[in-house]
Amino acid sequence: MKAGIVGLPNVGKSTLFNCLSNAKAQSANFPFCTIEPNIGVVNVPDPRINRLEELVKPERVQMATVDIVDIAGLVKGASKGEGLGNQFLGNIRECNAIIHVLRCFDNDNIVHVDGNVNPIRDKETIDIELQLKDLETVEKRLEKVNRAAKTGNKEAQAEQSLLNRIREALLQAKSARTVSPANQDEEELMESFQLITNKPVLYVCNVDENSAVNGNKYVDQVRELVKDEDAEVIILSVGAEADINELESYEERQVFLEDMGLTEPGASVLIRAAYKLLKQQTYFTAGVKEVRAWTINIGATAPQAAGVIHTDFEKGFIRAEVISYEDFTHYGSEAKCKEAGKFKVEGKEYIVKDGDVMHFRFNV
């Protein structure tokens, strides 16, 4: 599962990517600096794993991760191949969610591709390019489906109906995610279309250091614009985050954060939000060899969770032994949880909860 960072050139995407992944993607003050997408595997900050480490004292600790992709800046006309449009749009299509970075700071030394700072216009520029690309996809698909629908094919007619609703929304400059599937079949169809504007989106307002806590007039404009989108807005001073990243010690970084009025780096908030945006959650295994956070889809069953460790675990699944994170940390160990009756044995139908501490029994 990958989250792609998108936005106009020079809004701080590559600098943000570097902060998130500590990979040193090239960032420079001119458009099209990023050509190939950079991919960073980023640890998901989670204080629960630190607490489990304190209790279990394992030989090693493995955190959950999320893949972040730095995609080059889109410009007007990208849907028609302007700039490096087609390649970039293809890179976005391969991501599961979108982190849309908007420039919300004034700085005459950093050029803006459209001449001045205006996050509303910038957002609309990106939205229109993505919508135009989706419209092209929908119309191509409709050409094929219309022929089959004329023959009375019920499946084709159902697909035609959904595609026409999406097309209507796109023509009104609305994203595909504004079209609600009427039933499970439509939900699956919608997924199969792989439309860019159907992907969940998170907005990152890149602000100056002084606006990192409360935002500014640009952030207020963005919040007002997206209030009906069911999308989270995060305030981040990407430049300050880059400075924090350069500091050697944890203590120095904390002092810097306190001076800014923050309790943790904005990058940590963003990574957790991206994880949530991808509909991911975590369960833990906790033993003396290793304490580890495992990533699963929200709603995963116990056998599916076991399969993340190894496919044999899922194939030969017998049962899951489950302790909630709250119980494990309250009682302090697996043995004490058993004594207190907080150790559960679950079967194939069990839906894993975020934070479950689990062991699997299997037979291959």
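Please read these numbers as outputs of a predicted model, since none were measured by experiment.
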Take Asn216 and Cys104 through the side chain to side chain contact (heavy atoms under 4.5 Å, CB included) test and state the conclusion after the steps. CA-CA 8 Å; Asn216 55 28; Cys104 294; 4.3 Å; yes
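- Atom NZ of Lys342 sits about 11.5 Å away from atom CD1 of Ile323, to the nearest 0.5 Å.
- Below 30°, between 30° and 60°, or above 60°: for Tyr325 and Phe284 the angle between ring planes is between 30° and 60°, a tilted geometry.
- The hydrophobic cluster containing Val138, built from Ile/Leu/Val/Met/Phe/Trp/Tyr side-chain heavy atoms closer than 4.5 Å, also comprises Leu135, Leu142, Val145, Leu162, Leu163, Ile166, Leu170, Leu171, Val179, Leu189, Met190, Phe193, Leu195.
- Across Ile235 and Ser211, no two heavy atoms sit closer than the pair CG2-O, 3.6 Å.
- With 3.5 Å as the limit, one finds no donor-acceptor pair spanning the side chains of Gln254 and Glu258.
- Of the residues listed (Ile128, Val222, Val226, Asn118), the one engaging Lys123 in a side chain to side chain contact (heavy atoms under 4.5 Å, CB included) is Val226, and it is the only one.
- Considering only heavy atoms from C-beta on, Gln280 stays 4.5 Å or farther from Val66 through its side chain.
- Every side-chain hydrogen bond (donor to acceptor under 3.5 Å, both in side chains) that Ser249 has, sequence neighbours left out, goes to Glu252.
- Remark: Glu53 pairs with no residue by the salt bridge (Lys or Arg N to Asp or Glu O under 4.0 Å) rule, at least two apart or across chains.
- Listed for the Arg93 side chain is a donor-acceptor partner under 3.5 Å among the backbone atoms of Gln194.
- Side chain of Asp356 to backbone of Tyr283: no donor-acceptor contact under 3.5 angstrom is found.
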